[in-house]
Asks: 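Would you mind keeping the following structure in view while I ask a few things?
Numbered from 1 within each chain, the chains take letters A, B, ... in sequence-line order.
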There are 2 protein chains.
Amino acid sequence: MREEDRNDIRNLPLFRNMTSPCFDALIHAAYDQVFPAQLELIRQGEVANFLHVVLEGAVELYANWQDRDTTMAVVQPVATFILAACMRDAPYLMSARTLQRSRIVLIPAVDVRAAFSRDHGFALATVQELSEGYRNLVRHAKNLKLRNARERLGAYLWQRSQDAGGVAGFVLPQEKRLLASYLGMTPESLSRAFKALRDHGVHIDGMRVTITDPAALKALVQPNTLLDTALNIP
Amino acid sequence: MREEDRNDIRNLPLFRNMTSPCFDALIHAAYDQVFPAQLELIRQGEVANFLHVVLEGAVELYANWQDRDTTMAVVQPVATFILAACMRDAPYLMSARTLQRSRIVLIPAVDVRAAFSRDHGFALATVQELSEGYRNLVRHAKNLKLRNARERLGAYLWQRSQDAGGVAGFVLPQEKRLLASYLGMTPESLSRAFKALRDHGVHIDGMRVTITDPAALKALVQPNTLLDTALNIP
DNA sequence: CAAAAATCTTGATATTTGTCAATCAATGAT
DNA sequence: ATCATTGATTGACAAATATCAAGATTTTTG
């Protein structure tokens, strides 16, 4: 593994407070691999053998039932995924595929669990990470149940804008069909939701979004840290 | 606190493997209280000061945004709630109210966090509890996104029947309006979903449910441990 | 570069779900 | 027991969202 990658992982909140011997042991047991785009990394139902760390690229977490699919999250560098299944030693509830060519570190779940018992700083960080993951899922569920399609899109756009530092213009980071699935609607409905948002201060041109009237969008969306996964909501 | 209640708490997976001194310290710091029905125990947005343990009665976890409300879960004895907010020392994302007269133990969050650092068995149990909570929320979100209203009700009824030991008949444990909100629909839609399920082996009479054709219901619902959460709403 | 494939948009239409209003049924209070 | 309140159901209708089909646009591939 490259020194730079090792440091990126080391700096994640999950690993930041580990003792060096424990971190080294964990990294030593890990595999660093590059996967092409559109590769299925994990299939829901399989037992969780590895904690995954995305170093480069992007990974989609999705789920399916019968012939229906839905996107649950997109994981971008540098971040871990499926910690809960690893800690429980249980089957994955979601599948994962690369969206782009991605560099991913695989840490054996058994070593993660061992580190939890050996290193208190890591145990603390694990609980913080799981708790925040839990809370973000509560927000996602609240969002799905309390807002309609147009409001969910508006809230997403508002949040993106805030995360980018409160800028008015930005580029969508993923395909619209993926965004639609994540927000719990069809691509057609997403298209129409974008059109409906023109009356609420949002201009769209291809992948480029411009918030022409932040006050109007904010009034529609009523952003709220209890609903929106927010780094930056005033 | 009554000896019996203390033992009930002691036997919860979360507390089972604590050392006795740690458990005693935690319980000593706790308050045991009885609340009347329909009392608001927690309001979303407040900082989490207590881990709650329901000993008797039932508690509804719900959320609201603008003028809309939704039920997120019903907690029945003996179980804890809002562990994640306590561990993060963060604002509650959900409100809580008693559905019936309830006996509830309040454990100061600061003591819970201290116990996490002092007692490894408790730390392990905390992570297991949070992970399972996380996974149940993933199931809830998948259910909302992948199934329609009729399928969600069918899956719920199937799960209830399984939890009761595979029986054909049982009584709904909560008001239908609560169930409707939990399942993400209006009471009217729930009523119509019940009617629609008559063609899929479900008979309803007031609060009494009879599964007249388990095979038909199962075919509709396609129950699946990756989707159906065991005992989220009892 | 051109052809092919995939994504996105739009219109027409269908289905699902919500809203409103009325009624019925159950429950609790006096 | 009777009245009042709350919850459940039903019908009529409206709104939201999905589906299907056709083009338009973009991306990928040979």
Side-chain angles (χ1 to χ4, degrees), chain A residues 36-38 60 65-71 97-101 143-157 171-200 202-209 220, chain B residues 36-38 60 65-71 74 97 99-101 143-157 171-200 202-209 220:
Chain A
Q38 298 304 327
E60 178 191 3
W65 177 75
Q66 312 260 79
D67 58 343
R68 302 170 207 169
D69 277 51
T70 191
T71 301
R97 73 165 75 96
T98 53
L99 290 173
Q100 309 150 21
R101 175 185 161 87
N143 196 33
L144 285 170
K145 293 177 81 176
L146 292 170
R147 285 192 178 124
N148 64 25
R150 191 186 58 177
E151 290 162 347
R152 293 199 296 278
L153 175 59
Y156 172 83
L157 297 175
V171 174
L172 293 175
Q174 274 101 34
E175 287 178 349
K176 289 181 187 172
R177 59 194 216 84
L178 195 79
L179 177 58
S181 177
Y182 174 70
L183 293 176
M185 65 188 88
T186 60
E188 295 94 328
S189 291
L190 182 74
S191 233
R192 288 171 182 128
F194 267 120
K195 275 171 78 172
L197 285 182
R198 288 197 292 222
D199 296 339
H200 298 272
V202 176
H203 178 82
I204 177 93
D205 175 28
M207 290 286 122
R208 169 153 273 110
V209 176
L220 175 78
Chain B
Q38 298 304 325
E60 177 192 2
W65 177 76
Q66 313 260 75
D67 59 343
R68 302 170 208 169
D69 277 51
T70 191
T71 300
V74 173
R97 73 165 75 97
L99 291 172
Q100 308 149 21
R101 177 185 160 88
N143 195 34
L144 286 170
K145 292 177 81 175
L146 292 169
R147 287 194 178 121
N148 65 24
R150 192 187 57 178
E151 290 162 348
R152 292 200 296 278
L153 176 58
Y156 170 83
L157 297 175
V171 174
L172 292 175
Q174 245 79 54
E175 287 179 348
K176 288 181 186 171
R177 60 198 212 85
L178 196 78
L179 177 59
S181 177
Y182 174 70
L183 293 176
M185 66 187 87
T186 59
E188 294 94 328
S189 291
L190 182 75
S191 232
R192 289 172 182 127
F194 267 119
K195 275 170 80 171
L197 285 182
R198 288 196 293 221
D199 296 339
H200 299 271
V202 176
H203 177 83
I204 177 91
D205 175 27
M207 291 285 122
R208 169 154 275 111
V209 175
L220 174 78

Asks: Can you tell me how far P of dA18(D) sits from CE of Met185(A), to the nearest Å?
Replies: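 The answer, rounded to whole Å, is 8 Å.
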Asks: Measure across Arg152(B) and Leu144(B) and return the closest heavy-atom pair with its distance rounded to 0.1 Å.
Replies: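 Looking at all heavy atoms of both residues, the closest pair is NH1-O, 3.9 Å.
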Asks: Starting at CZ of Arg68(A) and ending at P of dT19(D), how long is that distance when rounded to a whole Å?
Replies: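 After rounding, the gap between these two atoms is 8 Å.
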Asks: Closest heavy-atom contact between Met207(A) and Gln174(A)?
Replies: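 Closest heavy-atom pair between Met207(A) and Gln174(A): SD-O, 3.9 Å.
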Asks: In this structure, how many angstroms lie between the P atom of dT26(D) and the CZ atom of Arg208(A), rounded?
Replies: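 Checked: the CZ to P distance equals 13 Å.
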Asks: To the nearest Å, give me how far apart CG (Leu179(B)) and C1' (dG7(D)) are.
Replies: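 Leu179(B) atom CG is separated from dG7(D) atom C1' by 14 Å.
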Asks: Find the bend of the helix from dC1(C)-dG30(D) to dT30(C)-dA1(D) as the angle between its two terminal axes (five pairs each), to the nearest 10°.
Replies: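 Terminal axis comparison yields 50°.
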Asks: Hey, are the side chains of Leu153(B) and Val202(B) touching, using non-hydrogen atoms and a 4.5 Å cut-off?
Replies: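 No, too far: nothing below the 4.5 Å cut-off.
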Asks: In this structure, how many angstroms lie between the P atom of dA16(D) and the CZ atom of Arg147(A), rounded?
Replies: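 Spelled out: CZ on Arg147(A) to P on dA16(D) is 17 Å.
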Asks: List the residues meeting salt bridge (charged side-chain N to carboxylate O under 4.0 Å, His left out) with Arg68(A), not counting sequence neighbours, and say none if there are none.
Replies: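 Partners of Arg68(A) by the salt bridge (charged side-chain N to carboxylate O under 4.0 Å, His left out) criterion, ordered by chain and then number, come out as Glu151(B).
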Asks: To the closest 0.5 Å, what do you measure between CG (Leu197(A)) and CD1 (Ile204(A))?
Replies: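 These two atoms lie 9.5 Å from each other.
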Asks: Asp205(B) CG to dT9(D) C1': how many Å, rounded?
Replies: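 Nearest whole value for this atom pair: 13 Å.
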Asks: Roughly, in whole Å, what's the span from CG in Leu146(B) to C1' in dT17(D)?
Replies: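 My rounded result for the distance is 16 Å.
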Asks: List for me each residue that meets side-chain hydrogen bond (donor to acceptor under 3.5 Å, both in side chains) alongside Arg147(A), sequence neighbours excluded, and say none if there are none.
Replies: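 Applying side-chain hydrogen bond (donor to acceptor under 3.5 Å, both in side chains) to Arg147(A) gives Asn143(A), Asp228(A).
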Asks: What's touching nucleotides 28-30 of chain D from the protein side, N or O pairs under 3.5 Å?
Replies:
none

Asks: Who pairs with Thr98(A) by side-chain hydrogen bond (donor to acceptor under 3.5 Å, both in side chains), at least two apart in sequence or on another chain?
Replies: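 So Thr98(A) forms no side-chain hydrogen bond (donor to acceptor under 3.5 Å, both in side chains) with any residue.
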Asks: Rounded at 0.5 Å granularity, tell me how far CG in Leu190(A) sits from OH in Tyr156(A).
Replies: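 Answer for the CG-OH pair, Leu190(A) versus Tyr156(A), is 10.0 Å.
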Asks: For a quick check, with a 4.0 angstrom heavy-atom cut-off, what is the B/S/- contact string for nucleotides 4-12 of chain C, read 5' to 3'?
Replies: ---SSSBBB
Asks: Can you pull every protein N or O that's under 3.5 Å from an N or O on nucleotides 23-28 of chain C?
Replies:
none

Asks: Show every donor-acceptor pair shorter than 3.5 Å between a side-chain atom in residues 176-186 of chain A and any protein atom, with sequence neighbours excluded, or say none if there are none.
Replies:
| from | atom 1 | to | atom 2 | distance (Å) |
| --- | --- | --- | --- | --- |
| Lys176(A) | NZ | Gly206(A) | O | 2.9 |
| Arg177(A) | NE | Glu175(A) | OE1 | 3.0 |
| Ser181(A) | OG | Thr71(A) | N | 2.7 |
| Ser181(A) | OG | Thr71(A) | OG1 | 3.2 |
| Thr186(A) | OG1 | Ser189(A) | N | 3.1 |
| Thr186(A) | OG1 | Ser189(A) | OG | 3.1 |

Asks: Please list all pairs passing the salt bridge (Lys or Arg N to Asp or Glu O under 4.0 Å) test where one or both residues lie in residues 182-198 of chain A, with sequence neighbours left out.
Replies: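 Pairs touching residues 182-198 of chain A that pass the test: none.
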Asks: With sequence neighbours excluded, what pairs up with Gln38(A) under the side-chain contact (heavy atoms from CB on, under 4.5 Å) test?
Replies: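 By the side-chain contact (heavy atoms from CB on, under 4.5 Å) rule, Gln38(A) matches Arg97(A).
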Asks: Does dG18(C) have OP1 or OP2 sitting under 4.0 Å from an N or O in the side chain of Thr186(B)?
Replies: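 Yes, within the criterion.
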Asks: Whole-Å distance between dA8(D) C1' and Leu183(B) CG?
Replies: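 Result: 16 Å.
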